[in-house]
Structure formats: structure tokens, C-alpha cells
Chemist: 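Below is the structure I would like to discuss, written out as C-alpha cells.
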Amino acid sequence: MTEVGLAVGLLYWFARLPELTLIAAPALAAMVAWRELPGADRMSQVANFAVIGALILGWAAARGRLAARSRQRRLVERAAGVRHRLPEPVGPLVRGGFSLATGLVLCAVAAGAVLLGLSGIRADERHADRAAHITATVTHRGEETVRVRTADERRITVDAFYPEDYAVGSTVTVLEDGSWRRLMAEPYDAFGWQLLALTAGLPGLSFLTVGVLARRRAAALRRAPVPALRVLDRMDDEGRTWIYAADDTTGRSPLFSCLWTMTLPDDDKLMGRLEDEAESKDGDEEGLRVDTRLHEAVLLGAPYEGGELVLVTTDRAGDPVVIRTASPVRRPGTSKKPFLKALSDTGPDTSDPQRRDRIDRIAATLTPAGRPVRWGPGPAARTAGVAFTGAVATGTFFIAHLLATDGFAWHLLLPLLILPVCIHFTALLLNWRVTADSTGLWLTGAWTVRRIPWERLRKAEYTDQGSVEIHRTDGSTWHLAGLGEPRIERRLGLRPSYVRMTEEVSALHAHPDLRPAEASPRSAQGLPLGPVLLLLVGFAVTAVLIT
């Protein structure tokens, strides 16, 4: 149980908690070397050495990640040059309290499950030591029981984990101690308690570590003066605050982002003014809009991955406010940017000058179109779709065969849940479609067709992972994931169709004179392939079960 728990936990800890990886990886490697290597055959030894090697590499990577954090912290401290204590009143830095409490509760549940499992094993051993050994013949098998006939013609029912292992007419040994009975071949199994210990212990240990680290980092901010840096900050429409360099006045390259919580000073006048403003804006939608402008700010603390920071900035009215981190500091991904709604209700997103220039260059290559313009999957996407179709067909036949021969079993639940996901990706790769006409965009996904009028479109963009995002002015997004891998397609000399689609849609949005003059007929707006594939899979499964 311990080895399985550490192996499963390391999959998460390696990505999010390298501090815990430094402890868990050596512990698991020692267990494998001590328990699994001695007496193992050649193939098992090779597998165990491979596990130990992977744990060593994972430990080294976690150590390197923590070393990189230390270098980040030292670079910031040298670059800042100035140190200040936290402003008062900054409020209590309580991040980590919930994680600590949750972790302690879950760890207590896990410890209780272990104790109860050990208690069950000890009780079973005591009964087995006192029990009489009775030879009996199996007369009937149930779902989780077997019925046996003893030598003195008694008929008794005994629980069995695997009743299919005992053929009718075979001989078994039953242990009997008063009203307690069990098959000699099936000792007490603490699997339920083990599963509870793993389910509670792994997240409990993770929560506990997160809470301890957060409290330690918060306490470090209080102990001594911390580096102070001039920065720019911006809150996006999802509530995340993004930090930029002080000279990045256009907000092109965010350094990092995290969630923040505000601390208001104990100033009765300021509190009264804020309450009056809140009352005056009650019911005013414009007043409740998030202020997404860039603000000058002072960052207190060394920003590094997972760090704890305090930010002195200004609110919408220009008054100073102090906010503190409510989540670990994370570096944004290459395609992750602040989610900012359009500055107007109908205009395109032109907040990025580089994006505007690129759209203008693409528009110069287009000519006004009379008929609707359509985009769909390219050769790479269709090839991947055919491969997924083969996988779906194979999986469908395999599941249907098992259902027909063995009936439903719990191990078939996961393939049954994965099958709709495979159908979804297959339908997208084979049949995604975007149609632009005089009225707007028709978006064909795996299951539905949606329409976005031109006046409701904010922007269209693709990510480095090969997904497409169509943003509306109301903040909603139409998302198509897994359409391809643009880097691989470009190396093959292909221009990804979804990249071309987002660029040309953006150009049509920004230049109304280039849009198609005709409306598209219903037959040209696309047909979702997901329901068709799902229906075919249903027919195939039914046919296999009937025959």
C-alpha cells in the first residue's frame, strides 16, 4: 500500500510539489531496492532497476527546479537593491490555513483507516487460530458467496471474494469459530481500508505540505525587510492579477500571475467612502466592470515560483490599496495571456498593436468575397481523424465482445467513459468547420452548430497546442481543442488550416468591406459528426450483443 501510494502521489508531487518529491522519491527507491530486488527474476530486476532510475531522474529534476527558484530569488534581491518592511496595516498573511486544516483532517482519516485495517487483520488471525477446520463440498455459487455441505450434512453459506474459483462439487476448507466463518483460502482482505487510506492520505499529505510551505513563506515576509520592486499590474476579467515590468507600458509580456486578496486600511473615512461608492453603483453595470487598466505598483517580496508577495497598488479611483497573494505565483505558459473583454461592445480586439499590424497585413492579401467562405480540417487533421476512427472501431468491438461474452464488469466502466471522448476528438478532426457569411460565423463542432454575429465577435485566435478559441463580446468562448500540432505540420511543409482560419476571420472582422456579401444556405453551415458517430457505435454494439 505504501509503495502504490508513493508512486501515485509522485505523479502529482513531481509537477506541483518538488519539495515533497525530494523526500518521497528516495523513500520509494529504498523500498523497491529492499523489498522487490532480492529474489526477483531477471525481468523483474530489470523493471525494478528502471523504476529506481526513473525515481533518481525525478529527484534530480525536482532538485534542479528548487535550485532554479533559489536563483530567481537571488537575482531579484540583487536587482531590487532596496528593501522595505511590509506596510501597515497589511493584515494577517493567512494563506495556507485552510490547506493545513484540510490536510490534518484527511491525514487523521487515513491514519484511522490504517488502524482499522490492522485491527481487522489481527481479529481475523485470532479467530483463525481458534477455529475448527471443516472440509465441505461446494453446492452452489452466488455473486459474493458459496454454499457448501459439510460432512455432517450441514448446509452453510460462506462469503467469497472470488466465488468463480470454486467449482460446484469441489472440496474446500472452512474455518469456523462460533458464528464466525470464512474460507481458509481467503484470509481477511483490508482492501477497503487501504483504499480509504490512499484516497485520504495522498491529498491530505499534499494539502499539509502546501499549508506548511505557505505559512513558512508568509512568515518570512514578516521577519525582515524584503526586496521592493517597481512594477505594473493589471487585473483581467477572470479575477487574476498579472504583473509586468515597470517599462512594459503596453502590457505585452506578463512576467507572472496569481490570485490576490485585498486588505483595506483601518480608516473610517476611506471605508465610509468605499461603502458610499458601492451603494451608488448598486445596479450600475458599468460601475461593476473590472478595471483592466495597467497600474503602477510596488511589489514587496522576491517573486519566484510558488512565492508569497504583497503588492501596493491603486484602485479605480486612484487611492492606494494593499493586496496579498491568495495563490502560489506561477509563470504563465507561452500561450496564456490575460483574459480581457473588448473595450467596446461591438468593436474588434485591437489592444495589442502587434496583433493589429498582423491582421492588417493579412487583410491586404484578401479580396472581397461574394459567396460564403469556409474553413475545415487539413490533411494532417484528417489523417489523425482516420487513425482515431480506427481506434474507436477497435475499442467498440473489444468492449462489445466483452459485454457479449462476460457481461458487464466494473473494469469496463473506464473504457465506456473514454469512448465518448474519443468520438468527440474524431468528429472534430474529421469534420470541424467554420463558415463566414454576411451575417457572421457558423461554427460546427463535434455536437452542435453555433452562430456568432459579426457585431458579437471579439476575436479569433489559436494556441501553440493546436486549439482554436473564438471569443464573444459577452465573455463566452467557443473552444476547439486538439485540432493538430502546428509545429509538426509546418515542418511537413503544411500550413495548418485552423491557423489560416483564425487569421482570416480576424481580418474579416476588422475590415467589414472584405466580408462575404451573401448569407450561407443551411446545407453549407455544417453538420456535427459526433451524434452520427455515436449512433453508429450504438448500432455496432447492439449488433454484436444480438448476434
Side-chain angles (χ1 to χ4, degrees), residues 12-13 15-23 62 65-108 203-231 233 235 239-244 254-267 295 297-315 320-332:
Y12 171 77
W13 299 333
R16 307 296 288 182
L17 287 173
E19 297 88 352
L20 200 52
T21 303
L22 294 183
I23 301 173
R65 185 174 174 183
L66 292 177
R69 289 184 182 181
S70 299
R71 289 194 298 271
Q72 290 174 354
R73 186 168 58 249
R74 289 194 299 269
L75 285 172
V76 170
E77 290 173 350
R78 288 200 299 267
V82 178
R83 288 176 172 268
H84 285 285
R85 289 192 175 275
L86 298 186
E88 295 294 342
V90 75
L93 300 177
V94 295
R95 187 164 73 83
F98 174 79
S99 298
L100 274 175
T102 304
L104 289 173
V105 171
L106 290 176
C107 286
L205 191 57
S206 302
F207 275 118
L208 199 60
T209 304
V210 168
V212 170
L213 291 175
R215 297 305 292 269
R216 284 184 57 193
R217 291 164 182 164
L221 282 178
R222 292 284 196 181
R223 282 197 297 266
V226 294
L229 293 169
R230 291 179 58 244
V231 296
D233 74 281
M235 179 179 289
R240 297 190 69 86
T241 298
W242 297 74
I243 304 299
Y244 302 81
L255 301 176
F256 62 88
S257 70
C258 58
L259 296 175
W260 301 73
T261 181
M262 182 175 293
T263 302
L264 293 174
D266 296 330
D267 188 333
H295 295 264
V298 176
L299 187 68
L300 297 171
Y304 61 92
E305 187 184 22
E308 181 88 23
L309 301 170
V310 170
L311 190 69
V312 182
T313 182
T314 55
D315 59 11
V321 292
V322 178
I323 58 178
R324 60 179 184 268
T325 49
S327 69
V329 173
R330 299 295 179 197
R331 222 178 70 184

Chemist: Assess whether atom CZ of Arg83 is packed by more than 12 heavy atoms of other residues, nucleotides or ligands within 6.0 Å.
Modeler: yes
Chemist: What's the shortest heavy-atom distance between Arg65 and Arg16, and which atoms?
Modeler: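 Taking every non-hydrogen atom into account, NH1-N, 4.2 Å.
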Chemist: Taking the side chain as every heavy atom from C-beta outward, state whether Arg69 and Pro18 have any pair of such atoms under 4.5 Å apart.
Modeler: yes
Chemist: Going by the side-chain contact (heavy atoms from CB on, under 4.5 Å) test, name the single residue among Val105, Leu100, Thr102, Leu104 that passes it with Phe207.
Modeler: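 Exactly one pass, corresponding to Thr102.
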Chemist: Report yes if some heavy atom in the side chain of Val231 is under 4.5 Å from a heavy atom in the side chain of Leu255; otherwise report no.
Modeler: no
Chemist: Which atoms form the tightest heavy-atom contact between Cys258 and Thr325, and what is the distance?
Modeler: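 Looking at all heavy atoms of both residues, the shortest contact is SG-CG2, 3.7 Å.
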Chemist: List the atom of Ala297, the atom of Thr313, and the distance in Å for their closest heavy-atom pair.
Modeler: CB-CB, 3.8 Å
Chemist: Can you tell me how far apart CD1 (Ile243) and CG (Leu299) are? Round to the nearest 0.5 Å.
Modeler: 6.0 Å
Chemist: Does Glu19 pair with Arg216 as a salt bridge, N-O distance under 4.0 Å?
Modeler: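 No salt bridge links Glu19 with Arg216.
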Chemist: Could you state the interatomic distance from OH (Tyr244) to CG (Asp233), rounded to the nearest 0.5 Å?
Modeler: 9.5 Å
Chemist: Once you round to the nearest 0.5 Å, how far does CG of Leu66 lie from CZ of Arg71?
Modeler: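 Leu66 CG to Arg71 CZ: 10.5 Å, rounded to 0.5 Å.
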Chemist: To the closest 0.5 Å, what do you measure between CG (Leu309) and CZ (Arg217)?
Modeler: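 With rounding to 0.5 Å, CG (Leu309) is 10.5 Å from CZ (Arg217).
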Chemist: Does the ring of Tyr304 carry Arg73 above it, NZ/CZ under 6.0 angstrom from centre and within 45° of its axis?
Modeler: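 Arg73 over Tyr304 ring: yes.
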Chemist: I'd like to know whether Leu221 forms a side-chain contact (heavy atoms from CB on, under 4.5 Å) with Leu300, so could you lay out the CA-CA distance, the side-chain angles of the two residues, the decisive distance to 0.1 Å, and finally the verdict.
Modeler: CA-CA 9 Å; Leu221 282 178; Leu300 297 171; 5.9 Å; no
Chemist: Less than 4.5 Å apart, any side-chain heavy atom of Arg85 and any of Val226?
Modeler: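 When only atoms from C-beta onward are counted, Val226 and Arg85 do not touch, as no gap falls below 4.5 Å.
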Chemist: Give, for atom CG of Leu20 and atom OG1 of Thr209, the distance between the pair rounded to the nearest 0.5 Å.
Modeler: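 Here the interatomic distance stands at 4.0 Å.
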Chemist: If we ignore hydrogens and angles and just use 3.5 Å, is the side chain of Thr21 paired with the main-chain N or O of Trp13 as donor and acceptor?
Modeler: yes
Chemist: How far apart are the closest heavy atoms of Gly204 and Cys107, and which atoms are they?
Modeler: C-SG, 3.7 Å
Chemist: Between atom CD1 of Ile323 and atom CE of Met235, what is the distance when rounded to the nearest 0.5 Å?
Modeler: 6.0 Å
Chemist: What's the shortest heavy-atom distance between Gly97 and Arg215, and which atoms?
Modeler: CA-NH1, 4.0 Å
Chemist: Do you know the tightest heavy-atom contact between Ala214 and Glu308?
Modeler: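 Scanning both residues, the minimum pair turns out to be O-OE1, 4.1 Å.
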